[in-house]
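To start, the structure under review is shown below, and the notes come after it.
Position 1 is the first residue of the sequence, and the numbers go up from there.
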Amino acid sequence: RTSVGIGELKSEMEKQADEHLVKLANELIKKHPQIKLSLEYKYGALSDLIHQNQKEDYDFIVMGTKGSSGLKEVFLGSNTWDVIANTNIPVLSVPQMVDFKQDIKLLFAIDPYNLPSKKVIEILLKMEEYTSFDINILVIKNNGDFKLNEINELFKGIRFNLIMAENEDVEEAIEIYQQKKHIDLLVMVNQKRSFWENLFHNSITKKLTFHSKSPLLTIKD
């Protein structure tokens, strides 16, 4: 009978993680020799570690997600959502088996009654340093009125296609246009809410973290 201490188990996990990181880095460099990589292994809760590193000047956090069902899907989705909810850095979550193109179709779903700040648009445009894209703005309206000129002012100087939709199920409306327009990247804003709004609001961004079939870029406003 062999007993293994917690210290030994942790050391073995660290060794395996380090080996996996080096192997992954070598594979990436072989495929993309132009990129620069730095490796770091840390032990602990993912969102806590990312929170500790927010002092670093990162443009984006990229996370891979696996499509699955039941409790496993909830667990994996919760892990990604936990990072989104606890960082101010934009998070790009990429489902398994997704291939990125150089020219992509981007769908930016916005709430016309609570528009994002200009800061969000500036972060979005920063992506043009890495790729080029067509911007499709999806506005999902209900019975209330909103000011179209405010949307045009927010995206002033940016070429975009405006899509207007009426659907009580926001998640369903987004999924319809994802498929209809063959969207490569979905963008959502994670806006701050009060305690009471958080308590009763069923977050669309959180739902899409679990279920989106396209890569999802979440920007905190």
Side-chain angles (χ1 to χ4, degrees), residues 28 31-37 57-67 77 80-81 83-84 87-141 146 148-165 167 170-191 203-221:
L28 288 172
K31 290 181 181 178
H32 309 283
Q34 73 279 13
I35 66 172
K36 294 181 180 179
L37 290 177
D57 189 23
Y58 298 127
D59 293 324
F60 301 97
I61 294 170
V62 181
M63 297 186 64
T65 60
K66 295 180 181 179
T80 305
W81 175 253
V83 172
I84 290 171
T87 182
N88 293 319
I89 302 169
V91 178
L92 177 62
S93 49
V94 185
Q96 197 174 32
M97 305 304 288
V98 167
D99 291 324
F100 271 103
K101 309 172 189 173
Q102 187 58 38
D103 300 308
I104 63 175
K105 289 184 180 178
L106 182 151
L107 184 66
F108 189 6
I110 64 172
D111 179 356
Y113 309 97
N114 187 20
L115 292 177
S117 67
K118 199 71 177 177
K119 178 196 77 174
V120 171
I121 311 305
E122 290 168 358
I123 291 171
L124 178 62
L125 293 179
K126 190 179 287 187
M127 288 192 65
E128 285 191 308
E129 296 175 20
Y130 311 102
T131 186
S132 58
F133 46 75
D134 295 326
I135 300 179
N136 298 280
I137 309 296
L138 177 61
V139 173
I140 302 169
K141 54 185 180 176
F146 63 90
L148 186 58
N149 64 315
E150 290 184 358
I151 296 175
N152 289 325
E153 182 62 29
L154 180 64
F155 292 93
K156 189 176 181 179
I158 302 169
R159 292 183 61 185
F160 65 91
N161 303 313
L162 185 63
I163 303 166
M164 307 275 253
N167 194 325
V170 177
E171 186 184 3
E172 181 183 70
I174 291 171
E175 287 180 351
I176 288 171
Y177 280 91
Q178 272 184 288
Q179 295 173 15
K180 188 176 179 180
K181 297 290 183 181
H182 305 289
I183 295 301
D184 301 303
L185 177 65
L186 174 63
V187 180
M188 295 286 292
V189 179
N190 181 24
Q191 291 173 308
S203 172
I204 298 301
T205 309
K206 188 172 182 179
K207 276 187 174 183
L208 289 166
T209 303
F210 294 154
H211 302 295
S212 178
K213 296 177 179 64
S214 303
L216 171 65
L217 175 64
T218 309
I219 305 171
K220 184 169 283 185
D221 196 8

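Between atom CG of residue Leu107 and atom CE of residue Met188 there is a gap of 9.5 Å, rounded to the nearest 0.5 Å. Between atom CG of residue Leu185 and atom CD1 of residue Ile104 there is a gap of 4.5 Å, rounded to the nearest 0.5 Å.
Counting heavy atoms from C-beta outward, Asn152 and Phe160 have side chains that approach closer than 4.5 Å. Here the side chains of Asp184 and Phe133 are not in contact, with every heavy-atom distance at 4.5 Å or above. Here the side chains of Ile183 and Tyr177 are not in contact, with every heavy-atom distance at 4.5 Å or above. In this structure, the side chains of Lys181 and Asn161 stay at 4.5 Å or more apart for every pair of heavy atoms. Counting heavy atoms from C-beta on, the side chains of Tyr58 and Thr87 never come closer than 4.5 Å. Using a 4.5 Å heavy-atom cutoff, the side chains of Ile110 and Leu154 are not in contact. The shortest distance between side-chain heavy atoms of Leu217 and Leu106 does not fall below 4.5 Å.
No option in Val139, Val189, Ile163, Leu138 other than Val189 meets the side chain to side chain contact (heavy atoms under 4.5 Å, CB included) test with Phe108. A side chain to side chain contact (heavy atoms under 4.5 Å, CB included) with Leu162 is found for exactly one of Ile135, Leu148, Asn136, namely Leu148.
Looking at residues two or more places apart in sequence or on another chain, you find a side chain to side chain contact (heavy atoms under 4.5 Å, CB included) between Glu150 and Leu115, Lys147. For Leu28, the side chain to side chain contact (heavy atoms under 4.5 Å, CB included) partners at least two apart in sequence or on another chain are Leu24, Ile35, Leu37.
The minimum heavy-atom distance linking Lys118 with Glu153 is given by the pair NZ-O, 3.8 Å. Of all non-hydrogen atoms in Asn88 and Lys220, the two that sit nearest each other are OD1-CD, 3.3 Å.
Within 6.0 Å of atom NZ in Lys119, more than 12 heavy atoms from other residues, nucleotides or ligands are found, so the atom counts as buried in its surroundings.
Side-chain contact check for Ser117 and Asp221: at least one donor-acceptor pair (N or O, by modelled atom type) lies under 3.5 Å.
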